[in-house]
Amino acid sequence: MANISALPIQHAYFADGDEATLIRAARDEPEAFGELCTRYAPRLYGYFRARTNSDEDAADLTQQVFVKAMAAFPRYRDRGAPFGAWLFRIARNLLTDAHRRSRVTVSWDSLPEALHWHSDDDVEASVVQREAHDRVRALLGGLTEHERELILLRFVAGLTLREIAAIVGKSEAGIHRQIKQTLRTMQERYHAGE
Amino acid sequence: MQANKERIEGAYADILSEDQDTNLSAIVAVLDRDLTTAYVTDPPPQVTAAIERLVDQRRREVKHLPPRRLRGMGLRRRLGMVAAVGLVVLVMGAAYGIIPIVDRAFFIDAGTQQILNGGLATRLNLSETQNGYTVTLQRAYADANRVVIGYIIHGPNGRSLTDTEKASLRDSLRDGSGNVLPPLGGGDFASGGAALDNFDASGVPSSTKNLALDFTIPQPTALAPGGPGISPPVTGSPFSFHFTVPFQGGRLATPDQTVTAGGTTVTLERVVISPSEARMYLQGLGGTGIYPDLTVAGWDSAKVSLPGWQPTEAGGILWSVWMTPGGTTVADFPAALMDKHGEWTLSIKAGPATADGRKVIGGPWVFHFVVP
C-alpha cells in the first residue's frame with residue numbers, strides 16, 4: 001500500500017489557494033467553504049441582479065444559494081460538475097422556484113428602468129451605470145430567453161463555456177456555436193443602432 | 001487601450017481564439033464593459049454577514065461531529081473536471097427502467113457500466129440496520145486503479161434521506177491490513193437512495209488475487225427542526241462491513257515522455273489500464289483547470305455518446321483529474337479500454353483559474369505513445 005502521508009489543512013491556503021484546494025479543505029473546514037462563498041458572491045449577486053427586479057431579491061437569492069450549497073456540499077463530488085457550474089445550477093433552480101412563487105418577477109422586456117442603480121451620493125457612478133444599463137437593454141432586448149441566459153452566464157457570471165454547458169445540459173461545442181451566433185446577431189444590431 | 005484589448009482576448013479566449021473577427025471582439029468588449037458596469041458589484045453587507053453566519057453555524061456543528069477518519073489524508077484532489085452530460089434522460093430506454101436502482105448507479109461512467117455488464121462486480125447483499133437507518137451493500141469491485149462500491153441507504157420507514165443526512169455521510173475504506181484507500185468521489189446519481197463510491201486502489205499490490213475490505217459509513221445526521229441545513233448530529237456506531245472481492249489486475253505502459261509547451265515541461269510517466277478505467281500519471285502540471293482528452297482507435301474521451309454507455313439521469317463522467325500528495329497529476333478516463341492497443345494520444349490543456357473565475361488556456365501538451 002502506498003504511503004499516504006497526512007496533509008494537514010493549512011489556513012494559509014485560504015488567502016490565495018486555488019479553488020481545488022479550497023474545495024478539498026472545505027469538506028472539513030468551514031472557513032474554506034466561507035472563502036468559496038465569498039469568491040463566488042459577486043458573480044452570483046450580479047447574475048441575480050440581472051435576473052430579478054431588485055437588489056434586495058438578488059441579495060436574498062444569493063444568500064439562499066449559500067445555505068443550500070452548504071447543506072449539499074459534503075455530497076458534492078469532484079467527479080461531478082465543476083464547482084462553479086454546481087453553484088449556478090443551484091442559483092438557477094432557486095430562480096425557477098422564485099418565478100413559480102411569483103415572488104420575483106423577471107421580464108426583460110418590462111424591466112423597470114428605475115431599478116438596479118443606487119440613489120446614493122455617487123451621482124456620477126449612478127449615471128454611468130444607468131447608461132450602461134440602457135445599452136444592455138437595447139442589446140439584449142431582442143434576444144430569446146435562452147440567448148440572454150447564455151450571455152449573462154458568460155459575461156456576468158463569468159462562467160466558461162464548459163461550465164455553461166454543464167449547467168444547461170448541452171455540449172460545449174453547441175454552447176460555443178450558440179453564443180457566437182448570438183454575439184453576431186447583437187453585433188449587427190449594435191452597428192445598425194450606431 | 002491595448003491593455004484592455006489583451007485583457008478581453010485573454011478573458012474570452014474560448015470565444016475569440018478561433019478567428020480574428022474584430023467586429024466580434026468589439027461586441028464582446030462592449031458586453032464585458034456594459035454588463036459588468038450594470039450588474040457586477042460587491043454584494044451588500046447582508047450577504048457577507050450571511051456567509052459569516054453559515055461559517056459560524058458549520059463550525060459549531062463540526063465541533064460535535066466524530067473526527068473524520070480520512071481528514072487531511074490522501075489525495076490533494078484537483079478539480080474533478082467533468083464534461084457533465086446533463087439532460088440525457090432521453091437516452092434512457094425502456095430496458096433502463098427495469099434495472100435495479102443500485103445497478104443504475106453503475107451507469108455513472110462507461111467504465112463502471114462495463115464492469116457491471118461484464119459481471120465483474122461482486123454481488124454482496126450485505127445489510128445492516130441501526131436506529132431505523134438501513135444500509136445495504138449490493139455490489140463491489142476492485143481493480144488496479146479503483147475500488148467501486150454500490151450501496152443503498154434508507155431512513156426510518158424506508159424514507160429517502162434528506163440533503164443534510166446525505167451530507168453527513170462520509171464513508172471510508174480500508175484493506176484487510178488496515179491501509180486506507182483514499183476516496184475518489186462518487187455520487188448518489190441514481191434515484192432510490194442508491195450511491196456509488198470510488199476509492200483509489202493504486203497502492204494495492206499487483207499480485208493481489210482477492211482483496212479484503214472494510215467499508216464504514218457513519219450514521220446519518222438527522223435534520224433539526226427549523227434548522228435550514230444546519231443541525232446537531234445524531235451519534236451512534238457507524239455501519240461497518242467486511243468482505244472480500246476478486247482483484248482485477250491492470251496493464252502497464254511506461255511512456256515516460258516529456259513535452260514542452262509554452263515554456264512548461266510536462267512528463268507522462270506511466271499509464272495503468274484496468275477494466276474500469278485508464279489512468280495517466282503526469283508530472284509538471286500545476287494550477288487548476290486541467291483539461292485532458294484521450295483518443296485511441298476511434299475512441300475519444302470528449303465524446304458524450306460512447307458506444308454502449310447509457311449515462312444516468314443526472315449525466316455521466318467522461319474523465320476526472322486529481323493530484324497525489326506528492327504532486328503527481330492523475331487523469332482518469334473511466335471507460336472500457338482494456339482491449340485497446342496501438343497508438344494512444346493524450347492531449348492536455350491547462351490554465352490557472354483567475355480571481356474572477358475566467359481561465360487562460362495553456363498548452364496543449366500532446367503525447368503519442370504505444371500501448372502493446
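By convention in this document, chain letters (A, B, ...) are assigned in the order of the sequence lines, proteins followed by strands, and residues within each chain are numbered from 1.
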Considering non-hydrogen atoms only, spot the tightest contact between [X] and [Y] and give its length.
| X | Y | answer |
| --- | --- | --- |
| A/Ala41 | B/Pro43 | CB-CG, 3.8 Å |
| B/Pro44 | A/Tyr45 | CD-CZ, 3.3 Å |
| B/Ala38 | A/Arg49 | O-NH1, 3.4 Å |
| A/Arg154 | B/Ala11 | NH2-O, 2.8 Å |

Rounded distance (nearest 0.5 Å) linking atom CD of A/Gln63 with atom CZ of B/Arg53: 6.0 Å
Atom group of A/Ile179 that falls short of 4.5 Å from chain B, counting heavy atoms: side chain
Interface moiety of A/Leu183 toward chain B, non-hydrogen atoms closer than 4.5 Å: both
Among all residues two or more places apart in sequence or in another chain, which pass the side-chain hydrogen bond (donor to acceptor under 3.5 Å, both in side chains) test with A/Gln187? none
Who are the side-chain hydrogen bond (donor to acceptor under 3.5 Å, both in side chains) partners of A/Thr38, not counting sequence neighbours? none
Under the side-chain contact (heavy atoms from CB on, under 4.5 Å) criterion, do A/Lys180 and B/Leu24 qualify, and how do the steps go? CA-CA 8 Å; A/Lys180 263 197 154 173; B/Leu24 198 63; 3.7 Å; yes
Please walk me through it: do A/Met186 and B/Val30 pass side-chain contact (heavy atoms from CB on, under 4.5 Å)? CA-CA 10 Å; A/Met186 298 172 77; B/Val30 167; over 6 Å; no
Electrostatic pair A/Arg162:B/Asp14 at N-O distance under 4.0 angstrom: no
Tell me, side chain or backbone of B/Val28 under 4.5 Å from chain A's heavy atoms, or both, or neither? both
Pick one of side chain, backbone, both or neither for B/Leu31, based on which atoms fall under 4.5 Å of a heavy atom in chain A. both
Determine, step by step, whether B/Leu35 and A/Ile151 satisfy the side-chain contact (heavy atoms from CB on, under 4.5 Å) criterion, reporting the C-alpha distance in whole Å, the side-chain angles of both residues, the deciding distance to 0.1 Å, and the verdict. CA-CA 9 Å; B/Leu35 283 167; A/Ile151 295 296; 3.8 Å; yes
Option in A/Thr62, A/Leu161, A/Leu139 with maximal non-hydrogen atom pairs under 4.5 Å from chain B: A/Leu161
Under 6.0 Å between ring centres: does that hold for A/Phe155 and B/Tyr12? yes
Within the 4.5 Å heavy-atom criterion, are A/Val136 and B/Tyr39 side-chain neighbours or not? yes
Go through it in stages, so that I can follow the logic: the residues are A/Asp60 and B/Gln46, the test is side-chain contact (heavy atoms from CB on, under 4.5 Å), and I'd like the CA-CA distance, side-chain angles, deciding distance and then a yes or no. CA-CA 9 Å; A/Asp60 181 45; B/Gln46 69 209 67; 5.8 Å; no
